[in-house]
Amino acid sequence: MSKVLEFFVKKFKEELLDREITSLPSYNRPRPYRNGTVKFRPCAFSDFDKRIEILKETDLNAFFFPAHQIPGCDLLSDSGSTTMTMEQWGQLLLGDESYGSNEGYFELKNQIVDTFGEEWRQTDKNQESLFIFHQGRAAEHALFSYLKKIRQTDHPLTPDNLAAGLIDSLKERIQKKIKRWHGESQPPMLIIPSNSHFDTTEANIEFNQIIALNIPCREHETNNREFEFRGNMNVEYLESLLEHQGDRVPLVYLTVTNNTGGGQPVSMANIKAVRKITRRYNVPFFLDACRFAENAWFIQQREKGYARKSITGIVKEMFEQVDGFHISFKKDGLVNVGGGLVIKPDSLFIRTYPDIAEKLTDHQILTEGNPTYGGLAGRDLKGLVEGLKTVVSPEYLGHRIKQVGRFGTRLRELGIPIIEPPGGHAVYINMDEFFKDTDTRDADFKGVSFTALMLVAGHRLCELGIYAFGKYREGTEIPPDPRVNHVRAAIPRLAYEDQDLSSVAEAIRILYEHRDRIPGVTVEYGRDKTLRHFKSRFKFKD
Ligand SMILES: *Cc1c(COP(=O)(O)O)cnc(C)c1O
């Protein structure tokens, strides 16, 4: 008998553990969790007519479509759309809703140290290190408005006063940015570089007269699919910038994972290289840490020397390198709302800006509430503490990121042009490629038509291309520069099974097979508005 058991254990290991099935709908491992509570949808998958009716009422804008009328996958965003665990729901009941110094605040401070490392423990009673906000962007707003105030200069940046020594291609990139400011009353004064800023980060930076400069690595810019850390920063550019124009740089940022292009990871080597350069020029270094755990998983899987290191160890090593970070807890906090700004006590950032803690506290009191709850309820903090414990679990991370990968593989097998390789949280479909052999012009906005037809099929995706990022000026449509034309399928955490994603892939297959029949749209309202994709109304062209 024991021989038989041995045989089967060997077989199970070979076929279920060692062999990775990467394509939907076949899989050989169970999810590392089971459903605790489920919600039946109030709408029927078969009710195509109803969705057509709603689509007309909501004028083909996916943001307006009521979520409870989506019978399939809602892949509009992975932000705040996490399914919480029973442990988190349990913690919500234990929430302490005191106005001052609620229990969750202390637990969160301890959890920050547990997750990110001992050097994040507050040392000076009068220098708070944790600033809680209702979302990541509120933290961004607080930080950059402070930096603007503190680094006042009378000399705006102009295309002609950049330092002579800058690498030419970098200089051109900055000049292009400066020129875009032309005609605005508030000229740019400072520069904050990043591998790529997230859109709200960029908006908050530029609102404060600071240029949000993206310097992704060459492999990102040349679309090198073999390179496994396409989220990296171009450190040559960074060095040139800090050497020649360091006086204009109050802070350097790295976004992990790099949201632009679908959550591409940043290597530990790159994080350390950025650290080394920023130290040499005495400039503080921050992470936009929204997907820190997903990034750590990629490092463990892909980077030489990290295969045997634990996720928690890798996270600590990443955060050892930096002076602070901001984060949207709606991503790797595994909660539905929340943001934070965390400053390392005893860091270059604190030495450079000694008043910052006090100023941020003032800002919180003015705009969010008592600093011990930020803009959140006490129960939210409890759920967040629990989420931060779960998010570094290797079983959770492996399942999550491989699920995104399998969905990408399935689309690739169907011939759908996606951005390769898929990152940690989303799959991007390339609309230029998708419609390549059809008669399509930019002003047809077929990415919008695509998302509208997907809603008829019962799933919601998000256009992030010509419509979301382009502009309409004086009767002409100006596509984004550099050009991007994607539809994004962002995968919410712990929410869907492979079967659900498989049905999304099938609907996309049908659209792809009949892509020549997909009409363009006309814009009935909002074409010339700012952030127009949130506001616009469309109609299919006949
Ligand atoms: C979501 C996100 C933000 C902003 O956070 P919100 O909570 O949505 O305000 C900032 N940076 C990155 C990389 C993000 O993904």
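For ligands, and for the atoms within them, numbers begin at 1 and follow the listed sequence.
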* Would G339 count as a contact of ligand 1 if the rule is a heavy atom under 4.0 Å away? -> no
* To do: Would you check whether H197 reaches within less than 4.0 Å of ligand 1, judged by its heavy atoms?
  => no
Look at [atom] and say which protein heavy atom is nearest, naming residue and atom and giving the distance to 0.1 Å.
atom                    : value
atom 8 (O) of ligand 1  : R137 NH2, 2.9 Å
atom 13 (C) of ligand 1 : D288 OD2, 3.4 Å
atom 6 (P) of ligand 1  : Q135 NE2, 3.2 Å

Provide the number and element of each atom of ligand 1 under 4.0 Å from a heavy atom of [X].
X    : result
T200 : 4 (C)
T255 : 13 (C)
S328 : 5 (O), 6 (P), 7 (O)

Side-chain ion pair, [X] and [Y], N-O less than 4.0 Å:
X    : Y    : answer
K309 : E317 : yes
R291 : D78  : yes
E206 : K177 : yes
E103 : R379 : no

* Structure fact -> Minimal heavy-atom distance between T255 and S196, with the atoms involved, is OG1-O, 2.9 Å
* Asked: Any N or O on G136 sitting closer than 3.5 Å to an N or O of ligand 1?
  -> yes
* Classify the contact between K330 and ligand 1 as side chain, backbone, both or neither, using a heavy-atom distance cut-off of under 4.0 Å. => side chain
* **Parallel, tilted or perpendicular, as decided by the 30° and 60° cut-offs, for the rings of F434 and F450** => perpendicular
* To do: Find out whether Y33 and T85 are in side-chain contact, i.e. whether some heavy atom of one side chain is under 4.5 Å from a heavy atom of the other.
  => no
* **Student check: side-chain heavy atoms of T257 and Q264 closer than 4.5 Å** => no
* Look at atom 1 (C) of ligand 1 and find which of K331, E202, H141, H425 reaches it with the closest heavy atom. => K331
